[in-house]
Amino acid sequence: MTEAQTSLLNHKNFHLYINGEQVHTVHHIPVYHKYTGELIASISKAEKQHVKEAVSAAEKIFKSDKLTAYQRSNILSKAADLMEQRREDFEVSLVREVGKTRKDASGELDRTINTIRLSAEEAKRIAGEMIPLQATEGSDNRLGFTIRVPKGVIGVITPFNYPLLLGIHKIAPALAAGNTIVIKPATSTPLATFQLVELLEEAGLPKGYVNIITGTGSEVGEWLLEDERIAMYTFTGSGEVGKHIKERSGLRPVALELGNNSPNIVHNDADLELAAKLTASRSFHNAGQACIAVQRLYVHQSVLKEFTENYLSHVQQLIVGDPEKTETDVGPMISEKDAIRSEEWVKEAIEQGAKSLLPLKREGAVLYPVVLVDTNPAMKVVCKEVFAPIVCIIPYQDIEEAFHSANQSEYGLQAGIFTRDLQLAMRAAKVLEYGGVIINDVSTYRNDVMPYGGVKNSGLGKEGPHYAIQEMTDERMVVMNL
């Protein structure tokens, strides 16, 4: 572990980071180890003037930006190499501040590094297109084409569950496109953002390109929304907050990746062992705290018994507990409060007639995997986003019934279906009202190169470096009269 990174992980107080300088504040917010409850750091709590200063710094840097696309690409490539060299540091930090298992932290590092490299490649590919103006009479002597230009200052608000990966999905494309950034990380998991910005600057990013403002979303988020100099907002989080951001942003564009309630269909012709293994392994990763985690399992009645037995056999092999142990599969939720809320939802469902196939067990912030049957669509564990290690197995008789039930949700991020029937798979792709339909794999599959985003209350816009860059640039028409 490098001296700089050791100092970072051991440091107990992280200040605001504006224009390349640490800015001290009067008040601070504690950050706890999510498994032990130990205080591991504190972060500065921003005031309104700090937000203005951060936007001013980002605006000034943007207007004087001298980095070429090639330079931006090289900086991002070097940052990916540095992160690969120091992955142990980042993994340990994620385990402590998020409560991720070492397995989940390692997976997040793999994807973060890949996303940085993809963004580095895309930085050199940003281009417009030729426009056939000659199609209109009288324009034979005119040449038309478009260019893509950066929007300006991007306001970034990131969630607690994947602070590194979901942060880089916004930061790297924004930088690749030539924008500058003011970022507000989640108050419960902010350390990854400080580590990331330090690494980017070590890779050659000039100071001031990324400014960090920490504090509560109800205050700092509002101050960011009030500043008209921010050209675009990109946010991952709850639907309620996302709707508020859209309402307050006016005509400025937003990219919103919001909640979900992922259905996964197991049809009667599916490879049941594959379906059971994949759904069990991805139902409870990150303690179920993923927007596309498996939540609703619709299983054809004819294979329900066999699938459920296979599924439970895989779930029961999962090791629950201390996330710092390499063998652990399921660690703590983000807080004991959230674990209690989730446990209460399960108890409420049981009181309403649902049955738990596994013992209901909670130890502090650790909620052991829950598998429910005999649920109904009105139960919170079915119709809401549980964001917890809770799965409902729901039988169906006809595939149209399964499609209808899957679509009976205010959300529409990703869905999965297991079937050997190609025609049925393609019908599912057209019928399921989701931004992504994953065939013979779980709803949690996300390749960071693909366009990722939902419909309905799951948000607006697409992530994935190429698609995020399209969101974070403006297309400008150029006409030359020759």
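Note that the structure is a prediction, hence the values are computed from the model and not measured. All heavy atoms count here, side chains included; hydrogens, waters and symmetry mates do not.
The two atoms that bring W345 and E385 nearest to each other are CZ3-O, 3.8 Å, heavy atoms only. Of all the heavy atoms in R296 and S405, the pair that sits closest is NH1-O, 3.1 Å. Considering every non-hydrogen atom in both E463 and T236, the closest pair reads OE2-OG1, 4.0 Å. In terms of heavy-atom proximity, S458 sits nearest to G412 at OG-N, 2.8 Å. When all heavy atoms of G215 and I29 are compared, the pair lying nearest together is CA-CD1, 3.8 Å. Minimum interatomic distance between R446 and G464 (heavy atoms only, all atoms of both residues): NH2-N, 4.2 Å.
Counting heavy atoms from C-beta outward, P163 and V98 have side chains that approach closer than 4.5 Å. Residues L278 and R282 form no side-chain contact, since every pair of their non-hydrogen atoms from C-beta on lies 4.5 Å or further apart. The side-chain heavy atoms of I334 and T189, taken from C-beta on, include a pair separated by under 4.5 Å. Using a 4.5 Å heavy-atom cutoff, the side chains of T25 and T214 are not in contact. Within the 4.5 Å cutoff, the side chain of T308 has no heavy atoms near those of the V299 side chain. Residues P190 and V31 meet the side-chain proximity criterion, which asks for heavy atoms closer than 4.5 Å. Counting only heavy atoms from C-beta outward, the side chains of M333 and S342 approach each other to under 4.5 Å. Residues V346 and V386 form no side-chain contact, since every pair of their non-hydrogen atoms from C-beta on lies 4.5 Å or further apart.
Q408 contributes no side-chain N or O that, together with a main-chain N or O of P377, makes up a donor-acceptor pair within less than 3.5 Å. The closest donor-acceptor contact from the side chain of N179 to the backbone of G152 lies under 3.5 Å. With E257 contributing its side chain and G454 its backbone, the two residues share no donor-acceptor pair below 3.5 Å. No side-chain donor-acceptor contact under 3.5 Å links Q22 to the backbone of H15. Proximity of a side-chain donor or acceptor of S93 to a complementary backbone N or O of D89 within less than 3.5 Å is not detected. Looking at N447, its side chain never comes within 3.5 Å of a backbone N or O of M450 through a donor-acceptor pair. Listed for the N407 side chain is a donor-acceptor partner under 3.5 Å among the backbone atoms of E433. Remark: the backbone N or O of H285 is not paired with any side-chain donor or acceptor of K103 at under 3.5 angstrom. Without hydrogens or angle criteria, Y434 side chain to S262 main chain gives no donor-acceptor distance under 3.5 Å. Proximity of a side-chain donor or acceptor of N310 to a complementary backbone N or O of F307 within less than 3.5 Å is not detected.
Residue E84 qualifies as enclosed at atom CD: its count of foreign heavy atoms under 6.0 Å is above 12. Taking a 6.0 Å sphere around NZ of K462, one finds it holds more than 12 heavy atoms contributed by other residues, nucleotides or ligands. Taking a 6.0 Å sphere around NZ of K456, one finds it holds more than 12 heavy atoms contributed by other residues, nucleotides or ligands.
Ion pairing between a basic and an acidic side chain is recognised when a charged N comes within 4.0 Å of a carboxylate O; K207 and E201 show such pairing. Electrostatic pairing of D81 and R117 counts as a salt bridge here, judged by a charged N lying under 4.0 Å from a carboxylate O. E91 and K100 are not joined by a salt bridge, as no carboxylate oxygen comes within less than 4.0 angstrom of a charged side-chain nitrogen. In summary, R102 and E88 engage in a salt bridge, as defined by a charged side-chain N under 4.0 Å from a carboxylate O. Looking at R362 and E336, a side-chain N of the basic residue comes within less than 4.0 Å of a carboxylate O on the acidic one, giving a salt bridge. Between D227 and K52, none of the side-chain N atoms (NZ, or NE/NH1/NH2) sits under 4.0 Å from a carboxylate O, so this pair counts as no salt bridge. Electrostatic pairing of K243 and E240 does not count as a salt bridge here, judged by no charged N lying under 4.0 Å from a carboxylate O. Salt bridge D374/K355: absent, no basic N to carboxylate O contact under 4.0 Å. Salt bridge R96/E38: absent, no basic N to carboxylate O contact under 4.0 Å.
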Which is it for L199 and F90 under the side chain to side chain contact (heavy atoms under 4.5 Å, CB included) test, yes or no, and what are the steps along the way?
CA-CA 11 Å; L199 184 131; F90 282 91; 3.8 Å; yes
E121 and H466: side-chain hydrogen bond (donor to acceptor under 3.5 Å, both in side chains), yes or no, with the steps?
CA-CA 9 Å; E121 294 169 6; H466 172 77; over 6 Å; no
Go through the steps to decide whether V51 and E226 satisfy the test side chain to side chain contact (heavy atoms under 4.5 Å, CB included), and finish with yes or no.
CA-CA 10 Å; V51 175; E226 289 174 6; over 6 Å; no
Does N19 form a side chain to side chain contact (heavy atoms under 4.5 Å, CB included) with E53? I'd like the steps, not just the answer.
CA-CA 9 Å; N19 201 28; E53 291 169 6; over 6 Å; no
Where do L258 and F235 land on the side chain to side chain contact (heavy atoms under 4.5 Å, CB included) test, with the steps shown first?
CA-CA 8 Å; L258 309 176; F235 168 79; 3.7 Å; yes
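Note: N261 CG to L413 CG = 11.0 Å, rounded to the nearest 0.5 Å. Once rounded to the nearest 0.5 Å, the distance linking OG of S249 with CG of L256 reads 7.5 Å. For the atom pair T216 OG1 and E222 CD, the distance stands at 10.0 Å (nearest 0.5 Å). The distance from the CZ atom of R111 to the OH atom of Y162 is 7.0 Å, given to the nearest 0.5 Å. The structure places CD of E122 at 8.5 Å from OH of Y467, a figure rounded to the nearest 0.5 Å. The line from NZ of K151 to CD1 of I230 is 14.0 Å long, rounded to the nearest 0.5 Å.
Between F194 and F14, the angle of the ring planes lies from 30° to 60°, which puts this pair in the tilted group. Using bins of under 30°, 30° to 60° and over 60° for the plane-to-plane angle, the ring pair F284/Y311 lands in the tilted bin.
None of D338, V366, T101 except one satisfies the side chain to side chain contact (heavy atoms under 4.5 Å, CB included) rule with P332; the exception is V366. Applying side chain to side chain contact (heavy atoms under 4.5 Å, CB included) to Q414 and the options I438, N264, L432, V437 leaves one that passes, I438.
In this structure, K384 forms no cation-pi arrangement with Y411, as its terminal cationic atom is not both closer than 6.0 Å to the ring centre and no more than 45° off the ring axis.
Here K184 pairs with nothing under the salt bridge (Lys or Arg N to Asp or Glu O under 4.0 Å) rule; sequence neighbours left out.
No side-chain donor from either of E47 and H27 sits under 3.5 Å from a side-chain acceptor of the other.
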